[in-house]
2 protein chains.
Amino acid sequence: MSQALPPPIWSHRTRATARAPVSEEAIVQAALDLLDDEGLDAITMRQVAERLGVSAPTVYWHVGNKDGLLDRLYDRLCSEVPQPSPGPWQDRLRFLANAIRSVFAAHRDAARIAVGRFPLGPNGLRATETALAALADAGLSDEDAAHAAYLFFGYVTSFSYQETISPAPALAGDRADALQRVGQYLSTLPSGDFPHVTRCAAPLSRPGLDRRFAFGLDRLIRGLST
Amino acid sequence: MSQALPPPIWSHRTRATARAPVSEEAIVQAALDLLDDEGLDAITMRQVAERLGVSAPTVYWHVGNKDGLLDRLYDRLCSEVPQPSPGPWQDRLRFLANAIRSVFAAHRDAARIAVGRFPLGPNGLRATETALAALADAGLSDEDAAHAAYLFFGYVTSFSYQETISPAPALAGDRADALQRVGQYLSTLPSGDFPHVTRCAAPLSRPGLDRRFAFGLDRLIRGLST
DNA sequence: ACCTGAACACCGTTCAAGT
DNA sequence: ACCTGAACACCGTTCAAGT
């Protein structure tokens, strides 16, 4: 069998042959690069196309529409979530939650893609299976395990989303500044009308979110224990 | 004091005097009408302006930008949330959760506005105060109550959001159809790789969400009990 | 103080047409 | 089967200018 020759030097399709052929995989990768470099808002059908040296309608041919692209990108992110090692179901659930949060944190505002989605793609299903297995070991029925899985992913996802955006969108400046101003605002509220808000002003506007994530996760796990 | 006369009949500013003067309140109301009539995607600075018979930059003058408009609209929605009557803290929390979910359900995909926001506006603070008061009565410290409040609002909000959108965006057809296809898909997965997913296929794709909401709420409250 | 016209720099999506 | 040019119908936002 003769070896494939490169296109002849007089080929006029220099640009077309220069780039790798477009594929669904390449498109998802380009979207992921865009996400990492500039954030979710930079993921545009046109920008993705440009990264691949291709026209926008080509992207539509491969992934249908923007939602289809984000579905695939979400599953791609799910592929980065590691599996927990064997152990008590509580530990496996905690590991999974922290792993998912870490993946989101590693990709800017990736969590926004996950909000309203459930991990049902090829890779997402692995995480779903892991969660359901842990919940079954917790003694939950199939029905309760399904409900609990939604509760679990909903918590991790919405928490991750919350921490990627500034706490009060209307306020300018960086996050720490904005948070401090929220705390200041809350503490100066009339304490007659809002006794608890004023007393909780500081903890409500605390910047460190690791403790808060662990708190919610612990209470969730406790609530799921029989 | 003489009574104010209407503009003379020869006034050439017929259109300008015909409409009520624009105000922040009127703008928020127009946005709410748009939300109820056509959904969140219809809330556009231009569309809001058109509803008021005004040009788009006028809206900017009053609310700053679109985020500022949505902040105000969110607080307007919070004003529709009723206060619970006195009773055990669990009941008050449950009442508040159901009330918030009902308000979102009454305004199409309003929950999407709430995702990533925390009720800190004049009206939202009433709900926050109610939640914090209940959580304090549960025996939580100020710090834990603050964390739990985020957990609580995050749950109600993200659940409400989830139920306003179709479960698998890529699938066509109405929700019941799409859900059934998801269930079908999950049940035909290789049961060797996904034993729990296949067994939970039916409950994972069950359409009624009231039971699921109650389940999560119960477990949350249980997890917060000392 | 409040409002407008016109513009800038984009979007998602479709569709006939090419190879 | 895969890709392009050109277009449609929009966006959020700004800014000089008006009253």
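Predicted model, so just to flag it, every value in this text is computed and none were measured. Each chain gets a letter, A, B and so on, in the order the sequences are listed, and its residues count up from 1.
Between A/Phe118 and A/Tyr74, the gap from one ring centroid to the other reaches at least 6.0 Å.
At the phosphate of D/dC10, neither OP1 nor OP2 sits under 4.0 Å from any side-chain N or O atom of B/Gln47. Dashed line: the shortest gap from a side-chain N or O of B/His62 to OP1 or OP2 of C/dA1 is not under 4.0 Å.
Between B/Leu204 atom CG and B/Tyr185 atom OH the span is 13.0 Å, to the nearest 0.5 Å.
With a cut-off of 3.5 Å on both pairing distances, C/dA9 has no Watson-Crick or G-U wobble partner at all. Base pairing analysis places D/dT4 opposite C/dA16; the two distances defining the Watson-Crick or G-U wobble pair are each below 3.5 Å.
Atom CZ of A/Arg211 sits in a sparse spot, with 12 or fewer heavy atoms from other residues, nucleotides or ligands closer than 6.0 Å. The number of heavy atoms from other shown groups lying within 6.0 Å of CD (B/Glu38) is above 12.
Between B/Arg46 atom CZ and D/dG12 atom C1' the separation is 7 Å, expressed in whole Å. The interatomic distance linking B/Lys66 (NZ) with D/dT13 (P) rounds to 8 Å, in whole Å. Atoms CD1 (B/Ile43) and C1' (D/dG12) sit 15 Å apart, rounded to a whole Å. Spacing between atom CG of B/Leu52 and atom C1' of C/dC3 amounts to 13 Å, rounded to whole angstrom units.
With respect to the salt-bridge test (charged N to carboxylate O, under 4.0 angstrom), the residues A/Asp37 and A/Arg51 qualify. With respect to the salt-bridge test (charged N to carboxylate O, under 4.0 angstrom), the residues A/Asp75 and A/Arg117 do not qualify.
Here B/Thr44 lies in heavy-atom contact (under 4.0 Å) with sugar-phosphate atoms only.
Rounded to a whole angstrom, the distance from the P atom of C/dC10 to that of D/dA9 is 22 Å.
Nearer the 5' end of DNA chain D, as judged by each residue's closest nucleotide, is the contact made by A/Thr58, out of B/Met45 and A/Thr58.
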Kindly give the atom pairs (protein nitrogen or oxygen, nucleotide nitrogen or oxygen) under 3.5 Å for nucleotides 14-18 of chain D.
none

